[in-house]
Amino acid sequence: MPAIRQKLLDWYDEAGRDLPWRHTRDPYAVWVSEVMLQQTRVETVIPYYQRFLESFPTPQALAEADEDAVLSCWSGLGYYRRARLLHAGVREVVAQYGGKVPEDADARRALPGVGRYTAGAIGSIAFDKEEPIVDGNVTRVLARLLRIETQVGTSATTKRLWSEAAQLVPGERPGDFNQALMELGAMICTPKRPRCDSCPVTEQCEALARGEVERLPVKRERRPPTEVDLAAVVATRGRGADRQVWLVKGNQPLFGGLWGVPMAEDNARAALTEAGLRARLASAPVGEVEHVLTHRRLRVDVYRASAAQGSESDTRRPFTIEDLEKVGISTLTRKVLAATFRG
DNA sequence: TATGCGTGGCC
DNA sequence: TGGCCAAGCAT
């Protein structure tokens, strides 16, 4: 086992990528990077990470920001609940711990949005603690190295993976070792066409010895996405540069906390009614938009409407194009607006 | 334990 | 082209 640890560290020192969050051990910055990287590619995260830390350089700055500003910075990155939980977690750190991310593992783990992985990543990278992590990369690397054939996602396999990771992590530079494990999964031990020729631990790999690398890990089947037909209403008032679009702020699971045009299943009139808007609705859609999420395939008919009047509230108000940059809106909303105004 | 939550890139 | 993801978490 020590051989694996040292070889991975040596390989990481030589071949590891130079990424923005690898230039800091500020636990807050590490936290931000880890949350952004959840289920999201490195290349996608980089510009968001840099903008976010420029806007909110310290826990205090983020804690003081309002949610619209935070989601504006997150807009387009997806999984918006992450941003809201990070915001809540950082506010808790400021309120309870004087703005210092707690070194205590249990206290860290108890923060909103901080699960076992994120807690371990912050602990090992920022605090040099010998805490293991298991993410998708580590799962794949360990499943192959140790030839773990049980299905990923079951409690027994999860327990085994965390146990194996915990046995590997003790020693020097636990944060770098954890990142080396993930980096190997990202660069060499990839899901498809792994680059075993360049792998530093081929001698230790039980799956390679048996020619079973591409078969592992054994994953669960995915359910096909649900098809949903929606109607969206772009209700405007004014013309030209003064034109404003009515948006509503949702607090539902889908796109929670973001502003968007009124939408409802199949029915544009219902979308307006649910939004509490009175407007002249066009009889035919002006366009169609498709948006695919992991578990849903959305097909959206886009309608125009004019709404000269309307009562504004915390969850319903008109936006100029300029205003849109100050709040969080989903990529779906961007598509709907683009389909309406052609850019 | 199973499910829902976004997005963009890849082959 | 479309299926398959990618550094999880909460419920």
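Just so we're on the same page: letters track the sequence lines, and every chain starts at 1.
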Phosphate-side-chain proximity, A:His295 and B:dT3, N/O vs OP1/OP2 below 4.0 Å
no
Assign A:Val292 to base, sugar-phosphate, or nothing according to its heavy-atom contacts below 4.0 angstrom with the strands shown.
base
Does A:Arg108 come within less than 4.0 Å of A:Glu131, counting only side-chain N to carboxylate O?
yes
Which one, C:dC5, B:dT7, C:dG8, comes nearest to the side chain of A:Pro191?
C:dC5
Round to the nearest Å and state the distance from A:Phe255 atom CZ to B:dG4 atom P.
15 Å
Could you state the atom-to-atom distance from CG of A:Leu37 to P of C:dC9 in whole Å?
12 Å
Could you check how far CZ of A:Arg334 sits from P of B:dG8, rounded to whole Å?
9 Å
Of the options B:dG6, B:dT1, C:dG8, whose atoms approach the side-chain atoms of A:Ser155 most closely?
B:dT1
Report yes or no: is there a donor-acceptor pair, N or O only, under 3.5 Å between the side chain of A:Thr40 and the base of B:dG6?
yes
So, does A:Arg296 get its side chain near the phosphate of B:dG4, meaning an N or O under 4.0 Å from OP1 or OP2?
no
Grab the CG-C1' distance between A:Leu111 and C:dG8 for me, whole Å please.
15 Å
Is any side-chain N of the basic residue among A:Asp10 and A:Lys7 closer than 4.0 Å to the acidic one's carboxylate O?
no
Candidate nucleotides C:dC9, B:dT7, B:dG6, ranked by approach to the side chain of A:Thr118 - the nearest:
C:dC9
Counting only heavy atoms from other residues, nucleotides and ligands, does the tally under 6.0 Å from CZ of A:Arg280 exceed 12?
no
Within the structure shown, what part of the strands sits under 4.0 Å from A:Val45 by heavy-atom distance: base, sugar-phosphate, or nothing?
nothing
Looking for any heavy atom pair under 4.0 Å, which part of the strands does A:Trp21 touch: base, sugar-phosphate only, or nothing?
base
Can A:Glu227 and A:Arg299 be counted as an ion pair, charged N to O under 4.0 angstrom?
no
Can you check whether A:Arg297 has a side-chain N or O nearer than 4.0 Å to OP1 or OP2 of C:dG3?
yes
Would you classify A:Ile125 as touching base, sugar-phosphate or nothing, given that sugar-phosphate means primed atoms plus P, OP1 and OP2, and contacts are heavy atoms under 4.0 Å?
nothing
Without decimals, in angstroms, what is the distance between A:Ile46 CD1 and B:dG9 P?
13 Å
Could you state the atom-to-atom distance from CZ of A:Arg108 to P of C:dC9 in whole Å?
13 Å
Contact class for A:Ile133 vs. all strands (heavy atom < 4.0 Å): base, sugar-phosphate, or nothing?
nothing
Can you name the nearest heavy-atom pair linking A:Val30 to A:Ile122, along with the distance?
CG1-CA, 4.1 Å
Closest to the A:Arg81 side chain: B:dG4, B:dG6, B:dT3?
B:dG4
Looking at B:dA2, I'd like to know if its phosphate oxygens (OP1 or OP2) sit under 4.0 Å from a side-chain N or O belonging to A:Arg220.
yes
Cation-pi check, A:Arg317 to A:Phe319: give yes when NZ or CZ is under 6.0 Å from the six-membered ring centre and within 45° of the ring axis, no otherwise.
yes
Does the cation-pi check pass for A:Arg173 over A:Phe177, that is, NZ or CZ under 6.0 Å from the six-membered ring centre and within 45° of its axis?
no
Once you apply a heavy-atom cut-off of 4.0 Å, does A:Gly153 come out as touching a base, just sugar-phosphate, or nothing?
nothing
When you measure from the side chain of A:Gln39, which nucleotide among C:dA10, B:dG9, C:dG8 comes out closest?
C:dG8
Without decimals, in angstroms, what is the distance between A:Tyr48 OH and B:dG6 C1'?
10 Å
Taking only the P atom of each, what is the distance from C:dC9 to B:dG8 in whole angstrom?
23 Å
Among the nucleotides B:dG4, B:dT7, C:dA6, which one has an atom lying closest to any side-chain atom of A:Arg140?
C:dA6
Counting only side-chain heavy atoms from C-beta out, which of B:dT1, C:dA6, B:dT3 sits nearest to A:Arg41?
C:dA6
Whole Å only: how far is the CZ atom of A:Arg82 from the P atom of B:dT7?
10 Å
With P as the reference atom in both, quote the distance from C:dA6 to C:dA10 in angstrom, rounded to an integer.
22 Å
When you measure from the side-chain N and O atoms of A:Thr294 to the phosphate of B:dC5, is any distance below 4.0 Å, counting only OP1 and OP2?
no
Which nucleotide in the list C:dG8, B:dG8, B:dC5 gets nearest to the side chain of A:Asp135?
C:dG8
Note: for A:Pro253 and A:Arg193 on DNA chain B, the residue whose nearest nucleotide lies more 5' is A:Pro253
If you look at every strand shown and take non-hydrogen atoms under 4.0 Å, does A:Ser330 touch a base, only sugar-phosphate, or nothing?
sugar-phosphate
Should A:Tyr79 be listed as having a side-chain N or O under 4.0 Å from OP1 or OP2 of B:dG4?
no
